[in-house]
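One structure is given here, and the rest of the page talks about it.
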Amino acid sequence: MSNLSHLADGYRDRALWPDADRIAWIRKDRWLGFPKAETVRKTLDAMLRYPPRTRMPCLLIYGQTGMGKSRIVERFEAENPRGFNEAIGVATMPVVGVQLPPQPTDGEFYGEVLEKLGAGFAGRGDTQRARLLTRRLMGQVGARMLILDEINHMLACTPRQQRIFLNTLRYLANDLQIPLVCTGNHEAQAALLTDAALAERFDAVELARWQNDEAFRLLMVTLAAILPLRRPSQLEEERCRTSVLDLSDGNTGRIFRLVETLAVRAIENGSECIEASDLDADDLMLPSVSMKVIAQRRGRARARETV
């Protein structure tokens with residue numbers, strides 16, 4: 001067996017685990033901080049410590065599905081968990097994060113926030129009461145940030161409902177004096193820009209598709225160094241990087257799923273490493289590969305069948 005020097009310290013012992021345990025570890029959800037994600041998290045941390053003022057900073061994190069927007073805010077929320085203030089005997093929740101419902105009217109939005117706060121509010125049709133209760137409870141738990149995941153869901157509403165919802169966001173920004181953080185796609189960015197008052201408050205950061213640059217090379221180096229494979233992989237090499245980008249269309253989620261799929265195969269077939277040729281397989285797990293590449297491969301397969 002290799003001396004496992006290709007793996008990072010702290011990860012070498014995992015390569016000695018039984019195959020089933022290694023595969024389970026590879027498939028386990030974990031945080032892997034890449035530079036853009038770490039930059040966003042540092043921004044969120046600075047916003048959380050911002051003193052109350054009339055115009056609080058707000059942030060929109062946007063990009064295509066699978067780029068890691070929700071994962072970043074979930075991680076940040078987990079790093080700032082709810083607690084209990086023994087001095088006054090109340091629960092504390094510095095970060096309140098909610099996922100917007102499919103058609104977020106203002107009443108449904110307040111209902112989601114109240115559910116997260118543990119209020120169990122049943123009067124869904126009483127928007128005024130929900131708003132007042134939200135304001136009171138956010139103050140009681142010491143909320144210092146409100147995160148709204150999937151802000152693009154508001155685009156499923158009518159234009160009138162969208163305006164009401166944007167007014168609700170502006171109202172909360174003024175009233176609570178805490179930062180608002182939204183995640184969404186490119187359409188959500190355009191929707192927020194339609195409200196001039198909100199657009200002035202929101203900075204925006206895009207999680208763009210990966211390119212074949214130094215940042216992506218370092219991501220591949222990191223993945224190769226933590227996967228519990230017993231032989232060095234070729235993820236850092238140019239051909240492998242190019243193939244991973246082509247297959248995943250530069251999407252963060254697809255990149256991780258693709259590499260995880262290849263690592264599991266390397267354990268199951270005994271090769272114990274990922275090589276560039278492994279990315280040529282036509283039967284790669286479909287969720288790991290972009291629809292564009294799937295269509296191209298199916299087209300080539302049909303062409304071969306007709307020859």
Side-chain angles (χ1 to χ4, degrees), residues 1-46 48 66-81 95 207-245 247-248 250-279 281 284-285 287-288:
M1 184 182 295
S2 164
N3 62 11
L4 305 179
S5 61
H6 60 285
L7 298 178
D9 292 341
Y11 290 88
R12 293 170 186 166
D13 288 346
R14 290 181 175 84
L16 304 177
W17 292 355
D19 291 357
D21 293 343
R22 288 191 290 156
I23 290 172
W25 186 87
I26 289 170
R27 289 173 171 165
K28 185 179 179 181
D29 190 22
R30 68 180 52 80
W31 170 259
L32 183 62
F34 50 91
K36 194 61 172 286
E38 291 299 330
T39 298
V40 173
R41 287 178 61 220
K42 289 179 181 178
T43 300
L44 294 175
D45 191 65
L48 186 65
M67 290 306 301
K69 305 180 297 295
S70 297
R71 189 72 183 91
I72 291 172
V73 295
E74 287 170 0
R75 173 78 175 186
F76 184 75
E77 189 177 355
E79 291 174 340
N80 296 276
V95 178
L207 296 182
R209 292 190 184 103
W210 289 88
Q211 305 294 324
N212 197 358
D213 54 15
E214 180 64 11
F216 184 65
R217 188 189 72 81
L218 291 175
L219 178 67
M220 293 295 98
V221 169
T222 300
L223 286 172
I226 68 172
L227 292 171
L229 300 178
R230 294 166 182 168
R231 295 178 55 222
S233 293
Q234 299 177 353
L235 288 173
E236 180 186 356
E237 296 184 7
E238 176 68 24
R239 184 189 165 200
C240 205
R241 298 202 315 268
T242 301
S243 295
V244 169
L245 282 175
L247 289 169
S248 66
N251 182 283
T252 304
R254 290 198 197 107
I255 289 170
F256 288 169
R257 289 197 300 271
L258 177 59
V259 173
E260 290 166 4
T261 298
L262 293 170
V264 169
R265 287 189 176 195
I267 293 174
E268 291 176 340
N269 64 28
S271 67
E272 291 292 340
C273 68
I274 299 172
E275 299 179 334
S277 58
D278 296 330
L279 290 148
L284 283 174
M285 187 177 179
S288 306

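- Atom CG of L258 is separated from atom CG of D278 by 10.0 Å, given to the nearest 0.5 angstrom.
- The existence of a salt bridge linking D19 and R22 is confirmed by a sub-4.0 Å separation between a basic side-chain nitrogen and an acidic carboxylate oxygen.
- With hydrogens and angles ignored, the 3.5 Å screen pairs no side-chain donor or acceptor of R71 with any backbone N or O of M67.
- Between E238 and N212, the closest side-chain pair of non-hydrogen atoms falls below 4.5 Å.
- The aromatic rings of F256 and F34 lie perpendicular to each other, with more than 60° between the two planes, well past the 30° mark.
- Looking at every heavy atom in both residues, H6 comes nearest to L229 through NE2-O, 2.8 Å.
- With a 4.5 Å cut-off on side-chain heavy atoms, L235 and V259 count as touching.
- Rounding to the nearest 0.5 angstrom, the gap separating the CG atom in L44 from the CG atom in L48 is 8.5 Å.
- Note that CG of L223 is 11.0 Å distant from CG of L218, once rounded to the nearest 0.5 Å.
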Requested in this report: Decide yes or no on side chain to side chain contact (heavy atoms under 4.5 Å, CB included) for I23 and E268, but give the supporting numbers first.
Outcome: CA-CA 9 Å; I23 290 172; E268 291 176 340; 3.9 Å; yes
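- The backbone N or O of E272 sits nowhere less than 3.5 Å from a side-chain atom of R231 that would complete a donor-acceptor pair.
- By the 4.5 Å heavy-atom criterion applied to side chains, P228 and I26 are counted as neighbours.
- A salt bridge does not link R241 to E236: none of the charged side-chain nitrogens sits closer than 4.0 Å to a carboxylate oxygen.
- To the nearest 0.5 Å, atom CZ of residue R257 and atom OG1 of residue T252 are 10.5 Å apart.
- Counting only residues at least two apart or on different chains, the side chain to side chain donor-acceptor pair (under 3.5 Å) pairs with a member in residues 25-34 are W31-E38.
- When side chains are defined from C-beta on, I274 does not count as touching R265, because their heavy atoms never get closer than 4.5 Å.
- Closest of all the heavy-atom pairs between A266 and C273 is CB-O, 3.4 Å.
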Requested in this report: Dump the intermediate steps for side chain to side chain contact (heavy atoms under 4.5 Å, CB included) on R12 and N3, then the final yes or no.
Outcome: CA-CA 9 Å; R12 293 170 186 166; N3 62 11; over 6 Å; no
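- R230 contributes a side-chain N or O that, together with a main-chain N or O of A15, makes up a donor-acceptor pair within less than 3.5 Å.
- By the 6.0 Å contact criterion, CG on D45 is enclosed, its count of non-hydrogen atoms from other residues, nucleotides or ligands being greater than 12.
- The CG atom of L279 sits 5.0 Å away from atom CG of L262, with the distance rounded to the nearest 0.5 Å.
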Report task. Starting from the C-alpha separation in whole Å, work towards a yes-or-no answer on side chain to side chain contact (heavy atoms under 4.5 Å, CB included) for V244 and W210. Result -> CA-CA 10 Å; V244 169; W210 289 88; over 6 Å; no
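- The distance from atom CZ of R209 to atom OG of S248, rounded to the nearest 0.5 Å, is 10.0 Å.
- Closest of all the heavy-atom pairs between L245 and Q211 is CD1-C, 3.7 Å.
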